[in-house]
Visitor: 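Here's a structure for you.
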Amino acid sequence: GAGVSQTPSNKVTEKGKYVELRCDPISGHTALYWYRQSLGQGPEFLIYFQGTGAADDSGLPNDRFFAVRPEGSVSTLKIQRTERGDSAVYLCASSLLTSWGEQFFGPGTRLTVL
Amino acid sequence: EDKVVQSPLSLVVHEGDTVTLNCSYEVTNFRSLLWYKQEKKAPTFLFMLTSSGIEKKSGRLSSILDKKELFSILNITATQTGDSAVYLCAVIIQGAQKLVFGQGTRLTINP
């Protein structure tokens, strides 16, 4: 595709529910990243995939958060037992593995937990 | 803990003014510094700086890195209303792929 796409663009859920957020990276990009951006803050790193495997998941805040990338392309970020503090914009980015730093971002999913 | 700090947090100027945005960092093992522009949701890449003292330029935007004093500046000359956005600074650390972001500078250009 032309760029990174994310679905849904907005998600409203109730406290305690399970949500899945999807990211389609740029075709051919082997590296994929998830970030979380709270209002008025810069994005915070959650997890990085190199191919199918999570190469760095040090940013996941707790075990309610999990992400997969089973075929090395599309990734899904899963949040169990959502809490109001999970409300944020979840950004996905992708890059060529050899491109240190130039990550291309998607438009994000705005998650609101009521 | 790796830290990136941007200043000012917010800036309002008139069209045609020149602005300078600041980014300082304290990280364990610096590799590169990047600037992004965020208008709605998706940050868009502006510059990546790896070497000290070499200015990167794109139209009215330019940026430079000082690795001795651990900071970078982003300059925008002859500002236009379309420059209104949040400008994010981020650092990549050696051996890691993740970006460590500052909190951003919200720039507003009034006509």
Side-chain angles (χ1 to χ4, degrees), chain A residues 2-11 21 23-26 29-51 53-60 88-111, chain B residues 1-10 21-25 27-51 56 58 63 65 72 74 85-108:
Chain A
V4 178
S5 63
Q6 292 186 245
T7 54
S9 54
N10 282 285
K11 175 73 177 176
L21 313 178
C23 172
D24 271 281
I26 292 172
H29 280 191
T30 53
L32 184 145
Y33 314 78
W34 284 98
Y35 293 85
R36 177 167 73 171
Q37 187 173 23
S38 301
L39 195 63
Q41 301 296 317
E44 288 180 292
F45 170 78
L46 295 176
I47 186 169
Y48 150 59
F49 286 89
Q50 180 180 320
D56 182 353
D57 63 358
S58 61
L60 294 177
V89 174
Y90 288 81
L91 293 165
C92 175
S94 70
S95 72
L96 292 168
L97 194 58
T98 51
S99 171
W100 285 88
E102 191 168 345
Q103 298 178 14
F104 296 86
F105 282 82
T109 294
R110 181 176 297 281
L111 175 66
Chain B
E1 185 187 340
D2 299 318
K3 196 172 167 184
V4 177
V5 177
Q6 292 185 243
S7 64
L9 294 181
S10 180
L21 309 184
N22 304 291
C23 175
S24 63
Y25 60 91
V27 299
T28 46
N29 204 357
F30 175 88
R31 181 179 174 90
S32 301
L33 184 144
L34 295 92
W35 285 95
Y36 283 84
K37 178 182 182 182
Q38 187 173 32
E39 292 180 84
K40 299 278 185 182
K41 285 187 188 172
T44 53
F45 174 82
L46 294 174
F47 298 111
M48 181 163 69
L49 303 146
T50 305
S51 301
K56 293 252 178 136
S58 176
S63 184
L65 174 68
S72 173
L74 175 69
V86 173
Y87 290 82
L88 295 165
C89 171
V91 168
I92 281 207
I93 297 149
Q94 286 280 9
Q97 283 274 3
K98 65 183 180 184
L99 294 173
V100 179
F101 281 90
Q103 67 272 61
T105 293
R106 179 172 295 279
L107 176 64
T108 303

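Keep in mind that what you see is a predicted model, and the values were worked out from it rather than measured. Throughout, protein chains are lettered first and strands after them, A, B, ... in sequence-line order, and every chain is numbered starting at 1.
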Visitor: Does A:Phe105 have any ring pair (Phe, Tyr, Trp, His ring centres under 6.0 Å) partners at least two apart in sequence or in another chain, and if so, which?
Guide: A:Tyr35, B:Tyr36
Visitor: Distance check, rounded to the nearest 0.5 Å: A:Leu46 atom CG versus B:Lys98 atom NZ?
Guide: 10.5 Å
Visitor: Mind listing the closest non-hydrogen atom pair of B:Leu88 and A:Gly42 along with its distance?
Guide: CD2-CA, 4.0 Å
Visitor: Measuring heavy-atom distances to chain A, does B:Gln6 have an atom under 4.5 Å in its side chain, in its backbone, in both, or in neither?
Guide: neither
Visitor: For B:Leu34 versus A:Glu102, what's the shortest heavy-atom pair and its separation?
Guide: CD2-N, 4.1 Å
Visitor: Where does A:Gln50 contact chain B at under 4.5 Å (heavy atoms): side chain, backbone, both or neither?
Guide: neither
Visitor: Determine the option with the most heavy-atom pairs under 4.5 angstrom with chain B, choosing from A:Pro43, A:Gly40, A:Gly59.
Guide: A:Pro43
Visitor: For the residue pair A:Gly106 and B:Ala42, what are the closest heavy atoms and their distance?
Guide: O-CB, 3.1 Å
